[in-house]
Amino acid sequence: MGEFIIKMPDVGEGVAEAELVEWHVKAGDPVREDMVIAAVMTDKATVEIPSPVSGTVIWLAGEIGDRIAVKAPLVRIETAGDAGEASPVQISQAPVAEPVKVEAAQPAPVAPPAPAHALPPAERPLAAPSVRLFAKENGVDLRQVQGTGPAGRILREDVEQFLSQGAAPATAKNGLARKTATEEIKLTGLRRRIAEKMVLSTSRIPHITYVEEVDMTALEELRATMNSDRREGHSKLTVLPFLMRALIKAISQQPEVNATFDDDAGIITRHSAVHIGIATQTPAGLTVPVVRHAEARGIWDCAAEMVRLAEAARSGTATRDELSGSTITISSLGALGGIVSTPVINHPEVAIIGVNKIATRPVWDGTQFVPRKMMNLSSSFDHRIIDGWDAATFVQRIRTLLETPALIFIEG
């Protein structure tokens, strides 16, 4: 018999550590060669780690959410052959598409101030998960129970004794009982990446948000006509492809908006290529697939590429290149877009365009109120790079193009 050590592989791009997001095995489980034993995450992609040997798992490096250094021991496997170690090379990468299932410990109920005989509120009573569940099901605050186990640990018998004394919480006269349970959920995987990205953006970028309403009546009429006459195989046009083309034309007059800012080095990089990130909700959280070289795509091509990337992001088949490298981002909540939003810039970009919902509103035309299809654009800019006047000018140019959509199709 021997012991085989699998080490955390080098996931590339100078990454020094990766986060454990899933274990497929536990100590004592048999494994076979090429069986996936774990998944780790770096950036927005997961890396599945297979076992190069067959044997029995005898040790795992950590729990879900832990960060493991590259080349550090990850798994120890007892094999029939000689001992050894490996850092897997044949690994597969794919963006996270499904939520990571984490088995959280049963939470302890939290109640209003306990009587004098109870433990201090700041202390979490010692009890097994099964005892916590039993107490929760019977509406018992464990801080009111005296534990008789080692170190004051509360046993099931202690809870049963507490209940037998008629000490269960009273129910209100209307028959409605108070709920005091809490749930602790560890932030892992893509959700933690999103949280880190938002903290980075809001802590390092001074945002200025500018909101403008746009009359979308003419564009909606044009969109309906184009959709009714579209060729077989063409994706149905939404508002976003029109906005993408309007964005490109506005950028040609204000290239400083299509930029990234390295604030550590103090360098602004203006990009001639327009790589538009489209914020997309997936089962695992928000991702930003990128329509690359949108400046070289027509309206139908923009629509098709956007649909393809959104499907890839939601199914978990998008590549790392398809989820990175944007130079400016569009954020839209579709029909849930509300009236106003304050979108957070996708660091290190300097601008993000937020799309709110289209609603029919009465608009004064000089002689009477007429129904018009109106939409607000809520756009944020890095105030270190973009002045308020320039931000307003940029959004006004987009507004003009959307309100007179024929201009979108005029070249030059």
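Scope of the values below: all heavy atoms of this structure, side chains included, with no hydrogens, waters or symmetry mates.
Nearest heavy atom pair, residue Thr209 against residue Ser341, reads CG2-O, 4.0 Å. Taking every heavy atom of both residues into account, Val199 and Ser203 meet most closely at O-OG, 2.6 Å. Residues Arg397 and Ala250 approach most closely at CB-CB, 4.2 Å, considering heavy atoms. Minimum heavy-atom separation, Ile49 to Pro9: CD1-CD, 3.6 Å. Taking every heavy atom of both residues into account, Pro371 and Thr360 meet most closely at CB-CG2, 3.9 Å.
Separating the CD1 atom in Ile77 from the CG atom in Leu74 is a distance of 9.5 Å, to the nearest 0.5 Å. To the nearest 0.5 Å, the span separating CD on Glu295 from NE2 on His275 amounts to 7.0 Å. We find the CG-OG1 distance between Leu309 and Thr317 to be 9.5 Å, quoted to the nearest 0.5 Å. For the atom pair Asn346 CG and Ile330 CD1, the distance stands at 12.5 Å (nearest 0.5 Å). Leu60 contributes atom CG, which lies 11.0 Å from atom CG of Asp66 (distance to the nearest 0.5 angstrom). For the atom pair NE2 of His207 and OG1 of Thr342, the computed distance is 8.5 Å after rounding to the nearest 0.5 Å.
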Run the numbers on Ile208 and Ile386 for side-chain contact (heavy atoms from CB on, under 4.5 Å), then give the verdict. CA-CA 9 Å; Ile208 176 175; Ile386 309 296; 5.8 Å; no
Go through the steps to decide whether Asp390 and Gln254 satisfy the test side-chain contact (heavy atoms from CB on, under 4.5 Å), and finish with yes or no. CA-CA 8 Å; Asp390 294 326; Gln254 286 183 264; 3.8 Å; yes
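Side chain of Asp301 to main chain of Gly298: no donor-acceptor pair is present (N/O by atom type, distance under 3.5 Å, no hydrogens or angles). Under a 3.5 Å cut-off, the side chain of Ser54 and the backbone N or O of Glu33 do form a donor-acceptor pair. Between the side chain of Arg193 and the main chain of Met41, a donor-acceptor pair closer than 3.5 Å is present. A distance-only check finds a donor-acceptor pair linking the side chain of Asp215 to the backbone of Thr217 [under 3.5 Å]. Although no hydrogens or angles enter the test, the distance criterion places no donor-acceptor pair under 3.5 Å between the side chain of Lys373 and the main chain of Ile358.
Between the side chains of Thr269 and Asp262, no donor N or O sits under 3.5 Å from an acceptor N or O. Judged purely by distance below 3.5 Å, without hydrogens or angles, the side chains of Thr287 and Thr280 never pair a donor atom with an acceptor atom. Neither side chain, Asp321 nor Thr319, offers a donor N or O lying under 3.5 Å from an acceptor on the other. Judged by distance alone, the side chains of Glu157 and Thr148 never bring a donor and an acceptor atom under 3.5 Å apart.
Judged as a side chain to side chain donor-acceptor pair (under 3.5 Å), and not counting sequence neighbours, the contacts of Arg384 are Asp263, Asp382.
The residues Arg314 and Glu311 are annotated as not salt-bridged, no charged nitrogen and carboxylate oxygen being separated by less than 4.0 angstrom. Note on Arg67 versus Glu196: salt bridge recorded, some NZ/NE/NH1/NH2 to OD/OE distance being below 4.0 Å. Under a 4.0 Å N-O distance rule, the pair Arg308/Glu322 qualifies as a salt bridge.
Using a 4.5 Å cut-off on side-chain heavy atoms (C-beta onward), Leu240 and Ser332 make contact. Considering only heavy atoms from C-beta on, Thr260 comes within 4.5 Å of His271 through its side chain.
Taking the six-membered ring for Trp and thresholds of 30 and 60 degrees, Phe394 and Phe381 have ring planes more than 60 degrees apart, a perpendicular arrangement.
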